[in-house]
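Notes follow the structure.
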Amino acid sequence: MTTRINPSILAADFANLEHELGRIASADLVHVDVMDNHFVPNLTFGLQMVGRLQQVSPIPLDVHLMIDDPERWAPGYAETGAFSVTFHAEATTDPVALARRLREIGARAGIALKPGTAVEPYLELLPEFDQVLVMTVEPGFGGQSFMAETMPKLDRLASTVRETGLDVWLQVDGGISLDTIGIAAEAGANTFVAGSAVFGAEVPAERIAELRDAASAHTHTHR
Ligand code: DX5
Ligand code: ZN
């Protein structure tokens, strides 16, 4: 089973993003947190900025949209060449239509669930998605503590993926560190977003390798 480490540039130096991207070139994807100050009480990057990051990044972009009205904005991120575009379940009434649109454009489609959002209604929609992002903190800010109470959702997702044989990546985001990544891997996650854990390290590339090892050590081989 493949373990993916996606550093979040939310924890990077915003004045030196091209340089920061170079420091995480050994990662699988770069996680880009788009926040609109409405869906979450914080504001980050928009389409123009993400398009430019796409041009200079050594690795593909994993865009996480924490925004209202994803129908209006998400397709633009797919058109700019993002590898994956993930929108929030809580922000849309027709997740399937939006996922189909993203796939049509050529991006992988992801759906994100806040800690308080139940996973059950989405299990039957899994064939429509390439990835499910289980938030392990309340979205909006980096550097928060991992919420272990979200792990039963990963268990449910991992069993459904196993039973159906679907190729859906299971992503966790928030508070992932050397201390917590094993818990999430054990529960069935295979794609790990880490902001402060990676950019807070003296040598991000070394931390990426350590996180990868820690996750793999806890991964069930039958998954
Ligand atoms: C939070 C963002 C995360 C954030 C994670 O709303 O979605 O991607 O960057 O940061 P850490 O790893 O520091 O919790
Ligand atoms: Zn994120």
Side-chain angles (χ1 to χ4, degrees), residues 3-14 17 20-21 23-24 27-46 49-50 53 57 59-68 70 73-74 77 82-91 107-117 129-151 153-154 169-185 189-202 204 207-208 210-212 214-215:
T3 296
R4 292 167 213 92
I5 307 292
N6 300 3
S8 165
I9 52 162
L10 188 61
D13 176 1
F14 282 9
L17 283 175
E20 294 283 70
L21 289 169
R23 297 168 83 205
I24 56 161
D28 296 273
L29 297 141
V30 53
H31 186 82
V32 180
D33 288 307
V34 173
M35 305 187 189
D36 67 351
N37 231 356
H38 290 272
F39 183 76
V40 288
N42 196 3
L43 184 66
T44 57
F45 333 100
M49 177 111 175
V50 174
L53 290 174
S57 180
I59 50 175
L61 265 54
D62 173 44
V63 174
H64 176 194
L65 298 176
M66 284 161 277
I67 62 170
D68 282 342
W73 300 105
Y77 290 89
F83 180 78
S84 55
V85 178
T86 298
F87 58 87
H88 267 268
E90 304 85 2
R108 290 172 60 89
I111 186 158
L113 308 175
K114 295 210 272 185
T117 303
F129 291 94
D130 300 293
Q131 123 175 338
V132 180
L133 189 172
V134 173
M135 287 299 308
T136 43
V137 298
E138 287 299 338
F141 300 92
Q144 305 181 75
S145 302
F146 177 78
M147 296 167 67
E149 60 270 35
T150 57
M151 291 299 99
K153 284 198 264 190
L154 275 165
W169 296 1
L170 302 182
Q171 185 173 64
V172 282
D173 182 8
I176 298 297
S177 67
L178 288 174
D179 294 330
T180 58
I181 196 165
I183 303 170
N190 52 33
T191 307
F192 305 88
V193 176
S196 41
V198 169
F199 284 102
E202 214 166 303
R207 183 55 51 82
I208 291 165
E210 287 165 356
L211 286 166
R212 209 187 283 289

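Computed over heavy atoms, backbone and side chain alike; hydrogens, waters and symmetry mates excluded. Residues: numbered from 1 along the sequence shown. Start at 1 and go down the list; that is how both ligands and their atoms are numbered. All of these numbers come straight from a predicted model, not from anything done at the bench.
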* **Pair S84-R108, side chain to side chain donor-acceptor pair (under 3.5 Å): steps then yes or no** => CA-CA 4 Å; S84 55; R108 290 172 60 89; 5.7 Å; no
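- Of all protein N/O/S atoms, those under 2.8 Å from the Zn ion (ligand 2) are H31 NE2, D33 OD1, H64 ND1, D173 OD2, and waters are not counted.
- Counting heavy atoms from C-beta on, the side chains of R4 and N190 come closer than 4.5 Å.
- The shortest side-chain heavy-atom distance between I24 and F199 falls under the 4.5 Å cut-off.
- The heavy-atom pair separating L29 from I59 by the smallest distance is C-CD1, 3.6 Å.
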Starting from the N and O atoms of ligand 1, find every protein N or O within less than 3.5 Å and list the pair with its distance.
{"unit_1": "ligand 1", "atom_1": "6 (O)", "unit_2": "G140", "atom_2": "N", "d": "2.7"}
{"unit_1": "ligand 1", "atom_1": "7 (O)", "unit_2": "D33", "atom_2": "OD1", "d": "3.0"}
{"unit_1": "ligand 1", "atom_1": "7 (O)", "unit_2": "H64", "atom_2": "ND1", "d": "3.3"}
{"unit_1": "ligand 1", "atom_1": "7 (O)", "unit_2": "D173", "atom_2": "OD2", "d": "2.9"}
{"unit_1": "ligand 1", "atom_1": "8 (O)", "unit_2": "H31", "atom_2": "NE2", "d": "3.4"}
{"unit_1": "ligand 1", "atom_1": "8 (O)", "unit_2": "D33", "atom_2": "OD1", "d": "3.1"}
{"unit_1": "ligand 1", "atom_1": "8 (O)", "unit_2": "D33", "atom_2": "OD2", "d": "2.8"}
{"unit_1": "ligand 1", "atom_1": "8 (O)", "unit_2": "D173", "atom_2": "OD1", "d": "2.6"}
{"unit_1": "ligand 1", "atom_1": "8 (O)", "unit_2": "D173", "atom_2": "OD2", "d": "3.0"}
{"unit_1": "ligand 1", "atom_1": "9 (O)", "unit_2": "S8", "atom_2": "OG", "d": "2.8"}
{"unit_1": "ligand 1", "atom_1": "9 (O)", "unit_2": "D33", "atom_2": "OD2", "d": "3.0"}
{"unit_1": "ligand 1", "atom_1": "12 (O)", "unit_2": "G195", "atom_2": "N", "d": "2.7"}
{"unit_1": "ligand 1", "atom_1": "13 (O)", "unit_2": "G143", "atom_2": "N", "d": "2.8"}
{"unit_1": "ligand 1", "atom_1": "13 (O)", "unit_2": "S196", "atom_2": "N", "d": "3.0"}
{"unit_1": "ligand 1", "atom_1": "13 (O)", "unit_2": "S196", "atom_2": "OG", "d": "2.5"}
{"unit_1": "ligand 1", "atom_1": "14 (O)", "unit_2": "G175", "atom_2": "N", "d": "2.8"}

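- Between D62 and H64, the side chains place no donor N or O within less than 3.5 Å of an acceptor N or O (distance only, hydrogens not considered).
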Which donor-acceptor pairs under 3.5 Å do the side chains of residues 137-144 make with protein atoms, sequence neighbours left out?
{"unit_1": "Q144", "atom_1": "NE2", "unit_2": "E138", "atom_2": "O", "d": "2.8"}
{"unit_1": "Q144", "atom_1": "NE2", "unit_2": "F141", "atom_2": "O", "d": "2.9"}

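- Closest of all the heavy-atom pairs between V30 and L61 is CG1-CD1, 3.4 Å.
- In this structure the side chain of M49 reaches within 4.5 angstrom of the side chain of L17, judged on heavy atoms.
- Take A107 and apply the side chain to side chain contact (heavy atoms under 4.5 Å, CB included) test, not counting sequence neighbours, and it matches A78, V85.
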